[in-house]
Undergrad: 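One structure follows; several queries about it will come next.
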Amino acid sequence: MNKFKTAIKFGKIRVLNVAEKPSVARSIATVLARDHTIEETKSPYNKLFKFNFKLGEQDAEMWMTSVSGHLKNLKYPKQYQKWDKWDPLIILKDAEIENVISYEKRFLEENLQRFAKQCSQLILWLDCDREGENIAFEVLEVCKATNPQIKVHRAHFSAVTYIDIKKALENLKQPDENLSNSVLARQEIDLRIGASFTRFQTLLLQQQFNLSSIVSYGPCQIPTLGFVVQRQKEIDSFVKEKFWFILCEDQTGCAYNWSRGNIFDEMVVLLLFERCFTEQAQVTEVQQREVQKWKPFPLSTIEFEKLASRKLKISAHKAMDLAEKLYNRGYISYPRTETNKFPPTINLQNIIRDQTNHPVWGQYAQNLINFNYDQPRAGNKDDKAHPPIHPVKMMSESDAQTPQEWDIYQLITRHFLACCSKNAKGSETTINLQVKEESFYKQGLIITEKNFLEIYPYDEWSQSQVPKYTKGDLIQINLKVQNGKTSPPKPLTEAELIGMMDKNGIGTDATIHEHINTIQERDYAIKRGQIIKPTKLGLALVESYELLGFTLHKPHLRALMEQRMNEVAQGVKQKNEIVEATIDEMSGILQELQQKKNLILSTFGQYLEALKDYDENNDDENPQNREPNQQNQQLQQQQQRNKPSKKEQQQQQQQQQQQFNFEQQCNTCGTQLVEIKQTNGSILEVCLQCRQAQEKSQPTNSSNFQSKTFKTQTNNNIEETFKCNQCHKQMKIRQSKIKNSYFFGCLGYPQCNQAIFLPDSIKSIQRTEKKCKKCNSILFQTEYSENSTLQQKSQLLCLFPGCSEGLKTEWRNQSKESQSTNLNYSQLKKGYIKQQVQCKKCNSFGHLEDMCNNNAKTMVSLIETNQEDKKDKLCPQCGVTGRHPKGSTCPMKRVKKKNQ
DNA sequence: GCAAGGTC
């Protein structure tokens, strides 16, 4: 208050007070003197409040008025307005810029001039941030120009409460020119870059590609678009990956999570599954603990916009529009705030009390006052200018001008009441199960006290029950191997985009929604529901930058600018220094762009062409069924600068369809089969439920994997033959790899092991549509091997056991080993180990040199070894596969000998 | 016709 002592000799002084906005002027006037008078000015919103106040010992007549944000705006002089007359490089580097009071603000300027003439002191009540500091200089320049003698002071306050305002008056300071200069630097850099790059892009692309809008560039809008494009590219280039996990269910149907989570290696999961397979689990721990669900932080603008978008489905832009209207009608506090903690000086109880008569939440507010009030949590952001958004006047639904306005008011008020409530409380139970070496867990939750959740429907806390077990219980379980696929990233929502921008410092709390709006106005992006997607133009623009090596769409340019602005704000660097450095760098980029003009044109054009089938209106809400698409292929091809023919594209599509077609189901139980590639290249489809495996029928054009064994396999082996005499399921043609022979196996295997074995001499077997005249069973076309003693090498036979018309067969129990395609998991397991290590001595898989012995052979290798044995023993004389009987010689050898 | 940041 010493500042005003010198003025005592003049008696009462007159002090001009200027706030950044009308509402603050009104609030300060109200806080300092309820009996203030209000005078109209030429600017309808910006009133003049007058009141008497004692500044320390000095009597003062206070004149309180306001501006409406910045008075001045940077612009290029008129001669630069013709775009085609000026090289954008001149616009960027050399053209002078004016900082002038815009026409709409002329009445505010007049007000300040008129009031300053009549006052000896000026107190600047602009917001306490960089922009506020810059506006302070704009105001003081106008005032000083009229009244050079006027004494200038700066008030710092973080909330418009009596305590804060009083404290500010007692601690008046001088405005900070460094802060103001940092804003001037930002303004100049943004305008020079924005104007020059926008002109360059528009002049280059607009006419050529018949674009309806200008092709603008801005240091905030383009990185915003960059985030949108980045997500779209992630979605388009996503290739699903299959993963496996073990699911454990108990008798109550409760499913437990595997502590290892999802594993992307099927073999590993099968190994672990085999190792832990059992039907009993032990409850190793039942843990119960009290948990809380935290109430929200006080509401900042960013969080408000995200909530409105996510929960109310109102866009950030619209939400801010509605919030500003509510603010101007006095229902809510100032909605542009970074702050998420309430200052201690604000009387929250009074704000709650205002809501106690509300028809919807009045009783809740009353209970808060009486019993349940809890101090709001303190966030870590404070703009030192505005408190978190909160209601300031009660509004009922009928007072709202639109349903959306009511939704916004509800959100703000319910959020505020939730902040003043207690956290929700619950009891969490965790059950841990041990199944041999594997552990599983399940968590359940019961909410014991809803507290803030009662008033706050925008947050969820879902309850889930778990069975009542105690430690040491042995429970019956059912283990299954299940698989899933990774999902592509979800389409970008507006709320997510706001979060990304906030995190990367793109825009401010007051402008983030405007940048999102701008990229839509410029036709760079489109919003459908809450999803925001790039348009063809947006994709082509960003992809062209990327392909040509420019990083104009990345957020780091803005981050660098922020860093430089900080240096000016701290007085470490001069404004001109950072402006020149930044403009020089950008000049380099602009010159490079100009040199690559033709390349940009062709690249941009090729992208637009490649994207002609891209449908920006197609939302990716359900990406579960997404497979790599044509557009993605095209983009990738474009990047390779090698456009494929239509035929090639079709082939690629076909290949992709084949690649992803692995949804085979078990014939017996319907469980999804898992595919296992064997060392011989063939693929086994394994049912983990029935523990059966079968050969996968190979596509005709991929014969590389087909082994000799399967060339004779019938392709209708899953079709009906005849019914099992035990369980009445179908009998299926199977092939024993051990004996290299065929048999009929029951589909009910392993529960039913009925089988009908066929002679080794049958080389192939095929079901026909013909039926046996005697027993009416299906007939089979059989082929016999060359060394068969039979005269006929092919026969149509009835193979039904006991039927006298055909080959004599009988029902028999198959041993598990006999059905080679019913590999058990130990065998598979060994097979995979075999794939992983290879002996350098014998070149076999499954063991290393120091362990080289015959016992290391596994079932899978045994199968192959048998085949290989036969292959090796293929008689060079007669070509017959298999060994000749021990001690005998090849008959052909004898024939040859005889002929010789 | 360009930017971003204030503001109504």
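Here is the naming used below: chain letters follow the sequence lines, and residue numbers restart at 1 for every chain.
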Undergrad: Any base atoms under 4.0 Å from A:P44, or only sugar-phosphate, or nothing? Heavy atoms, all strands.
TA: nothing
Undergrad: Where the side chain of A:I214 is defined as all heavy atoms beyond and including C-beta, which of B:dG6, B:dC8, B:dG1 is the nearest nucleotide?
TA: B:dG1
Undergrad: Base, sugar-phosphate alone, or nothing: which one does A:I193 contact when heavy atoms must sit under 4.0 Å apart?
TA: nothing
Undergrad: Identify whether any heavy atom of A:S213 sits under 4.0 Å from a base atom; if not, whether one sits that close to sugar-phosphate; answer base, sugar-phosphate or nothing.
TA: nothing
Undergrad: At less than 3.5 Å, do the side-chain atoms of A:Q206 and the base atoms of B:dG1 form a donor-acceptor pair?
TA: yes
Undergrad: Examine the base of B:dC2 for any acceptor or donor lying under 3.5 Å from a partner atom in the side chain of A:S216, and report the outcome as yes or no.
TA: no
Undergrad: Does B:dG5 have OP1 or OP2 under 4.0 Å away from a side-chain N or O of A:H515?
TA: yes
Undergrad: Mind listing the closest non-hydrogen atom pair of A:M561 and A:D190 along with its distance?
TA: SD-OD1, 3.8 Å
Undergrad: If I take atom CD in residue A:E324 and atom C1' in nucleotide B:dG6, what distance separates them, rounded to the nearest angstrom?
TA: 11 Å
Undergrad: Specify the separation, in whole Å, of atom CG of A:L590 and atom C1' of B:dC2.
TA: 13 Å
Undergrad: Respond yes when some side-chain nitrogen or oxygen of A:T511 is under 4.0 Å from OP1 or OP2 of B:dA4, and no when none is.
TA: no
Undergrad: Between A:T198 and A:I506, just flag the one whose closest nucleotide in DNA chain B comes earlier from the 5' side.
TA: A:T198
Undergrad: Where do A:C119 and A:I150 come nearest, in terms of heavy atoms and distance?
TA: O-CD1, 3.7 Å
Undergrad: Could you check how far CE of A:M501 sits from C1' of B:dA4, rounded to whole Å?
TA: 11 Å
Undergrad: Without decimals, in angstroms, what is the distance between A:L205 CG and B:dC2 P?
TA: 17 Å
Undergrad: Do other residues, nucleotides or ligands put more than 12 heavy atoms under 6.0 Å from A:K117 NZ?
TA: no
Undergrad: Salt bridge or not for A:R564 and A:E585, using N-O below 4.0 Å?
TA: yes
Undergrad: If you assign A:H70 and A:K75 each to the DNA chain B nucleotide with the nearest heavy atom, which residue ends up on the more 5' nucleotide?
TA: A:K75
Undergrad: For residues A:K47 and A:T65, report the shortest heavy-atom separation together with the two atoms involved.
TA: O-OG1, 3.1 Å
Undergrad: With heavy atoms under 4.0 Å as the rule, sort A:R192 into base, sugar-phosphate or nothing.
TA: nothing
Undergrad: Rounding to a whole Å, what distance do you find between A:M561:CE and B:dG5:C1'?
TA: 13 Å
Undergrad: Under 4.0 Å between a side-chain nitrogen and a carboxylate oxygen: does that hold for A:D127 and A:K21?
TA: yes
Undergrad: Stacking check: are the rings of A:Y217 and B:dA3 less than 5.5 Å apart at their centres and under 30 degrees in tilt?
TA: no
Undergrad: Let's see if you can work this out: which of B:dG6, B:dC8, B:dG1 has an atom nearest to the side-chain heavy atoms of A:N46?
TA: B:dC8
Undergrad: Is the phosphate of B:dA3 approached by A:Y76 (side-chain N or O, under 4.0 Å from OP1 or OP2)?
TA: no
Undergrad: Across the strands shown, which category fits A:R558 at heavy-atom distances under 4.0 angstrom: base, sugar-phosphate, nothing?
TA: sugar-phosphate
Undergrad: Looking at B:dC8, B:dA4, B:dC2, which one has an atom nearest to any side-chain atom of A:W83?
TA: B:dC2
Undergrad: Does A:E20 reach a base, just sugar-phosphate, or nothing at all? Heavy atoms under 4.0 Å.
TA: sugar-phosphate
Undergrad: Among the nucleotides B:dG1, B:dC8, B:dA3, which one has an atom lying closest to any side-chain atom of A:K21?
TA: B:dC8
Undergrad: Taking NZ from A:K72 and C1' from B:dA3, how many angstroms apart are they, rounded to a whole number?
TA: 19 Å
Undergrad: Under 4.0 Å, heavy atoms only, any strand: does A:G507 hit a base, just the sugar-phosphate, or nothing?
TA: sugar-phosphate
Undergrad: CD1 of A:I583 versus P of B:dA3: gap in Å, rounded?
TA: 15 Å
Undergrad: Give a yes/no on whether any side-chain N or O of A:R522 is located under 4.0 angstrom from OP1 or OP2 of B:dA3.
TA: yes
Undergrad: Taking only the side-chain nitrogens and oxygens of A:R336, find out if one of them lies under 4.0 Å from OP1 or OP2 of B:dT7.
TA: yes
Undergrad: For A:Q221, report the nucleic acid contact type (base, sugar-phosphate, nothing); a contact means any heavy atom under 4.0 Å.
TA: sugar-phosphate
Undergrad: Provide the closest heavy-atom pair for A:P343 versus A:P387 in the form atom of the first, atom of the second, distance.
TA: CD-CB, 4.2 Å
Undergrad: What contact category does A:F200 fall into here, base, sugar-phosphate, or nothing, at under 4.0 angstrom with non-hydrogen atoms?
TA: nothing
Undergrad: For a quick check of understanding: with a heavy-atom distance under 4.0 Å over all strands, which category does A:N134 fall into, base, sugar-phosphate or nothing?
TA: nothing
Undergrad: Within the 4.0 Å heavy-atom criterion, would you say A:Q201 contacts the bases, only the backbone, or no part of the nucleic acid?
TA: nothing
Undergrad: I need the CE-C1' distance between A:M320 and B:dG6, as an integer number of Å.
TA: 12 Å
